[in-house]
Amino acid sequence: MVLDSDHHTAVFLEYAERFLGDSTKENNHIQLKIDHSLKVLENAKAIVADTPISKHTAESTLLAALYHDIGRFCQYRKYKTFNDRKSVNHGHLGVKVLKKSRVHHLIPDSHRRDILSAIALHNRNTIPSHIAEPLRTICDIVRDSDKIDIFRVMLNHFSSESNDSTVALEAIPHPTQYTQQIFENVWQGRPCLYSDIHWTNDFKLILVSWTYQLNFPISYRLFYDSGLFDQLFALLPQSKEFWDLKEKLIRFITRRKGAVPTGTVARCN
Ligand SMILES: [Fe+2]
């Protein structure tokens with residue numbers, strides 16, 4: 001049984017690179033998910049290093065981060081989309097894929113259940129309140145790590161003005177159009193749903209809404225100090241209501257990222 005994340009990275013790459021083929025467009029989509037998985041692992045390592053958790057929980061967290069999107073490759077091969085509403089829940093598919101792969105046998109029984117549960121839960125809108133430790137912490141770290149990197153991926157996509165609609169889940173590009181209800185939800189700190197996305201600005205607003213959902217002070221530092229937040233607002237409509245929203249969120253982030261870990265797992269909420 002091997003828990004070393006470098007060994008598992010090699011195993012993950014061996015699995016994922018089998019989905020690369022002759023089509024440049026399809027290879028770009030597969031490579032996007034390979035790179036994303038590795039970045040999520042990197043983010044999780046940074047959060048784990050800053051958070052007082054047991055070695056056992058840290059090991060489960062890093063493997064859950066690496067394998068959280070293992071279902072994406074089969075999803076794309078079969079349905080040619082990353083849109084779960086038009087195909088399957090990629091978290092649930094990931095659990096099925098991992099159970100059938102040799103990875104399953106490389107993870108000890110003592111860690112397997114939490115890793116599979118974290119994969120199944122990583123793309124839920126919220127984590128059910130009955131989820132207990134250590135799974136709750138594993139989920140919180142994987143979900144923060146995932147959000148921070150989705151931010152990077154989507155910024156690259158929107159900045160490149162690519163017309164590849166697969167990455168933005170088929171949202172319609174427009175420089176100024178957005179859905180007022182989504183803006184209101186973000187302003188009020190209410191949850192937003194992918195299913196409400198119509199315009200690409202709606203997608204950007206949903207990314208902005210994650211400001212309220214990160215769990216650890218280090219997550220806010222990774223997210224804000226990297227410049228991702230400012231870059232995203234530069235791609236949204238330049239109007240007073242968006243400037244006001246940005247100011248409101250910066251005040252929130254400043255309070256959150258300054259929270260100091262105190263011996264137990266320091267969450268921001
Ligand atoms: Fe995912």
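Every number for a ligand or one of its atoms is a count from 1 in the order of the listing. As the structure is a computational prediction, the values presented were derived from the model and not from experiment.
Each ring-ring contact (aromatic ring centres under 6.0 Å, His included) pair with one or both residues in residues 34-53, not counting sequence neighbours, appears once here: His36-His68.
Residues forming a salt bridge (Lys or Arg N to Asp or Glu O under 4.0 Å) with Glu26 (at least two apart in sequence, or on another chain): Lys80. Partners of Trp199 by ring-ring contact (aromatic ring centres under 6.0 Å, His included), not counting sequence neighbours, listed by chain and number: His174.
Using a 4.0 Å cut-off between a side-chain N of Lys or Arg and a carboxylate O of Asp or Glu, Arg18 and Glu14 do not qualify as a salt bridge. Using a cut-off of 4.0 Å between Lys/Arg side-chain N and Asp/Glu carboxylate O, Lys147 and Asp144 are scored as not salt-bridged. A salt bridge does not link Lys39 with Asp35: every distance from a Lys NZ or Arg NE/NH1/NH2 to an Asp or Glu carboxylate oxygen is 4.0 Å or more.
Distances shorter than 2.8 Å separate the Fe ion (ligand 1) from the protein N/O/S atoms Asp69 OD1, His90 NE2, His122 NE2.
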